[in-house]
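Remarks on the structure that follows.
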Amino acid sequence: MRRYSPKSIEPKWQKTWEDNGTYHAVDFDKEKPKYVMLTEFPYPSGSGMHIGHMREYTLGDVIARQKRMLGFNVLYPMGYDAFGLPTENYAIKNKVTPQKATEENINNFQKQLVSMGFSFDWSRSIKTTDPNYYKWTQWLFLRFFKQGMAYQAEIAVNWCPFCKTGLSNEEVVNGRHERCDTPVDKKLIKQWVLRITDYAERLIEGLNDLDYPKWIAEQQINWIGRSKGAEIDFKLEGHDESIKVFTTRPDTIYGATFMVLAPEHPLVGQITTEEQKVSVNTYVREAASKSDLERQESEKDKSGVFVGAYVINPASGERIPVWIADYILMGYGTGAIMAVPAHDDRDFAFATKYGLPIKYVVEPEYGDSLDGEIEKEAVVAILRDPETDEVLMLDWGPRKDRYGGMLFIGGGLDTGEDIIEGAKREITEETGYVNVRFNKGLPFSVHSHYYSNVKNANYYAKIHGVLFDLVDHEKVRPKLDEGEKGKFKTKWLPISKAEPDDEAHRQVFLSLLFGGALTKEGLMANSGKYDRLPSSVMRDKVIADLTSKGLAYERINYRLRDWIFSRQRYWGEPIPIIHCEKHGAVAVPDKDLPVKLPNITNYEPTHDGESPLASATDWVNTICPQCGGPARRETDTMPNWAGSSWYYLRYFDPKNSKQFASLDKLKYWQDVDLYLGGTEHITLHLLYSRFWHQFFFDLGLVPTPEPYKARRSQGIILAADGTKMSKSRGNIVDPTEVIDSGYGADALRLAVIFLAPYDQTTPWSPESLGGTFRFLQRVWNLVQEYNTSEGGTNESNDLKRVINRVVKRVSQDLLNLSFNTAIAGLMECVNDLYALKAQDSYSSVEWQWALETLAKLLAPFAPHMAEEVWEQLGGEQSIHLQEWPGYDDKFLVSDRIVIAVQVNGKLRGDVEVGADADQQSVEVAAKSDPKISRYLEGKVEKVIFVPGRIINFLVK
RNA sequence: GCCGGAAUGGCGGAACUGGUAUACGCGCACGACUCAAAAUCGUGUUCCUUUUAGGAUUGAGGGUUCGAUUCCCUCUUCCGGCACCA
């Protein structure tokens, strides 16, 4: 008997498949529906592929292979995303050219991919660094340019001092460059920028029609950060101009007690008064030199300077001072805000630090309006013992209907009664303490709808919160209403343990003892004619009123910034623009594309923010395509996100030299049916390529509005100890080593999939590789031992059931992308087959069918083993071109079933009955079982019977 | 702080629509084969107890239900994303 030896079968089939073009996708196949399975193409780094890559491609491969067997014309392509910083940095370090490094890395990657037995259509492979490819990247860029969607701007960009290049917003993670972890600086350079913000709304809207997991969609929505509000003009005192602010809370405009501008705001210089000039200039200079990281670190300690100017609040007519502070960002909204310290945490911190006024205009309201409620003024008094830092609470018993629970001292005010007097009276009446000192009152009221148990009435109270200090413990006898007597107990509690059950009480407590801004909705106060309106209503009203005076308009703002598209590096697609003195930036004519990246000797990045291409004088100096006059080429290159923004389209027509892809082929292949990739690209590549695609759709270049119909993300494989795999930790699992060690690609594929649900981050388990290898070995031996020569027609219902069951299970699990349980199902099936084999003749037409079916189910997961076994069983053609097996439910039912028996919900045993047994026969069977009947001695009150599953006796 | 996701044996994980929790694999223990080991095969393996049996158990606590890993409420912890975005 031959032993299972992956080394001798895997390379053989890999070669056969490639020679036969087994996995080539067919353009315009009329017989079969198309299916495009896409996995993110790799960045060919110097360190080779790791197990995480293999998880992604194996999952894609399983889907692609099964879809082929299900009768789809499957395109499962692969290519290389090879431009970009890491290769260039690697090349510089190892003193080779990026071209050479890329070539070597790709060769290495290719070898590894082939050794895994993936069913890629290699005839369509692409490289983003191939001039025949980047010609079209440049051509597509020029579509943006020609529509005014690519523009140049001198802006302060995120600058990576290590990579010496500007970065997009998306590439900065926690103030550091995501590729090299270097803290990012700001640098003012002229940049190419793509107007992705024009598509902000579309990028959100488009998600509605896509099959993306909710969390991925949310992450994109979050990143785009839509917020609706208003732009409002504040007139500058003594100037003609006014300053526009953006706010999402126009309802709080009466609470705006000062204004803050970003230090970079263009009006700062103009409006600063003579006496403030020195301090303002110093502050602006310091802010400019701070990096993002430093700005973030100063989050807790806000700083700013008064510029000496005042503006007029357009709603209240009040005169308020103008400050600058670096917590206001020039890049968002208008770079200026109306500061409402009472209702914004940041403004509150700022106002507290600089002693600016805090004016509350939105008052909290709790509960919904109740029938016949009585309006009243009330106090909630917090009595604090300064000696022990404890507060006095009243325990009214369990809370019900917004009444009772742990509360502070509270009660209604008599008509015309002073708040402090009234509070003092309540303290003494309810608790008996006489010597208390008023500490402070809340600068706003709290409104509460509630039902009073004591009075048996609905109330709507306007509550004044007051804080009193206990002077001494002298007490008189409390003076309680009849309804209050014996209803509560008083308790002194440390401040940290005081947790009032009523929201109004809690708000009073928190505001009195800890202060802070109120950021929630509520009722308007101190807002002139708008008083007592709900804040949400006020918001629309005040915008409407100001809009009618031409002082405001509604506006939507996005967190998303335009996409900085220039890199001051060598290893990227040259931006196909020529700068002419007369005509400015001129597009390279389409016929002159590609603008090839010249070979230069010194491609190291420069310190001054100029691309190394600038030194290639021969290449740079050219003539203007419009006037023929002297001109210079653009020397910045594209980011490595450029090539990957449209690569899936090129797979549809990879060799086309006339177009990026022909419309016919685009119409046939349409879009990607399932896109599998990493979570790290959700706000980078995935967002960028959706943007490109949407823009191309608008130009009529592609037939679908979105590139990827469905998206899934595989989880990360951690090292066995649960830490992240990384080169520095030295805990990376190298797939090539695993294959060469004798386990082979099939066992590795199974191990990677069997590990956990595909989308779950989970630690690698080297031992499980032994498990999947053993499983394959068992399959192998099952086939080797099977003897075709003595074949008979042995009818076995058990065999039929086992095979039909596994077909159903694997088919359904694959539909749900539940790959790990599909493998568990296959393992279970093999275990069952071994058991059957022991009792059976093990040589019949049916066994032949069973083994063939098993091989087909195994084919997507372990393609080499399946192919070899298929050949041994006498199968024709490749197994991967066979039809996916079907199943029939009628073989799944057995005539005897086991029903669980519960007594009072507790499992007491089970009975075996006929498959169609009714309640009565199950009851009889259960009662005749002595293990069960001993629990049924009492009176059986009720029986719950779920046919085929369970019977539950309720016994008294 | 805000938004998402998760928590089940020694470990990775399974459980359809509320219906026998712990499938499958790893590990471990014992046995067979062997001079021996590896490999392979077989048996057992949630925990506790006074072990022919009983009790507990899906992060914690409560609720709905005949019955809850599954539904509802409160909380804890972990992971991912965003974070001075007005």
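As a basis for the values below, the full set of heavy atoms in this structure was taken, side chains included, without hydrogen atoms, waters or symmetry mates. In what follows, every chain begins at residue 1, and chains take the letters A, B, ... in the order their sequences are listed.
Nucleotides U65(B) and C28(B) are separated by 48 Å at their P atoms, to the nearest Å. Using atom P as the reference point in both C82(B) and U74(B), the two lie 28 Å apart (nearest Å).
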Q: Go along nucleotides 2-9 of chain B 5' to 3' and tag each nucleotide: B for a protein heavy atom under 4.0 Å from its base, S when only backbone or sugar atoms are that close, - otherwise.
A: -SSS----
Q.
Can you give me the dot-bracket string for RNA chain B, 5' to 3', counting Watson-Crick and G-U wobble pairs with both distances under 3.5 Å, using [ ] for crossing pairs and | for partners on another strand?
A. (((((((..(((......[....)))((((((.......))))))((((...))))..(((((..]....))))))))))))....
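Among pairs with a residue in residues 809-825 of chain A, those fulfilling salt bridge (charged side-chain N to carboxylate O under 4.0 Å, His left out) read Arg809(A)-Asp813(A), Arg809(A)-Glu828(A), at least two apart in sequence or across chains.
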Nucleotide N/O of nucleotides 24-34 of chain B paired with protein N/O under 3.5 Å:
{"residue": "G25(B)", "atom": "OP1", "partner": "Asn831(A)", "partner atom": "ND2", "Å": "3.2"}
{"residue": "C26(B)", "atom": "OP1", "partner": "Arg774(A)", "partner atom": "NE", "Å": "3.2"}
{"residue": "C26(B)", "atom": "OP1", "partner": "Arg774(A)", "partner atom": "NH2", "Å": "2.9"}

Nucleotide N/O to protein N/O under 3.5 Å, stretch nucleotides 50-55 of chain B:
{"residue": "G54(B)", "atom": "OP1", "partner": "Tyr935(A)", "partner atom": "OH", "Å": "2.4"}
{"residue": "G55(B)", "atom": "OP2", "partner": "Arg908(A)", "partner atom": "NH1", "Å": "3.2"}

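For Thr762(A), whose side chain is taken as the heavy atoms from C-beta onward, the closest listed nucleotide among C41(B), U20(B), G13(B) is G13(B).
Every residue two or more places apart in sequence or in another chain that forms a side chain to side chain contact (heavy atoms under 4.5 Å, CB included) with Glu56(A) is listed here: Thr39(A), Glu40(A), Leu676(A), Gln714(A).
One N or O donor and one acceptor, one from the side chain of Arg949(A) and one from the base of C16(B), sit under 3.5 Å apart.
Judged purely by atom type and a 3.5 angstrom limit, Asn731(A) has no side-chain atom pairing as donor or acceptor with the backbone of Ala719(A).
Taking syn as a glycosidic angle within 90° of 0, G27(B) does not qualify and is anti.
Under the side-chain contact (heavy atoms from CB on, under 4.5 Å) rule, Ile951(A) has a single partner from Val943(A), Ile932(A), Val913(A), which is Val943(A).
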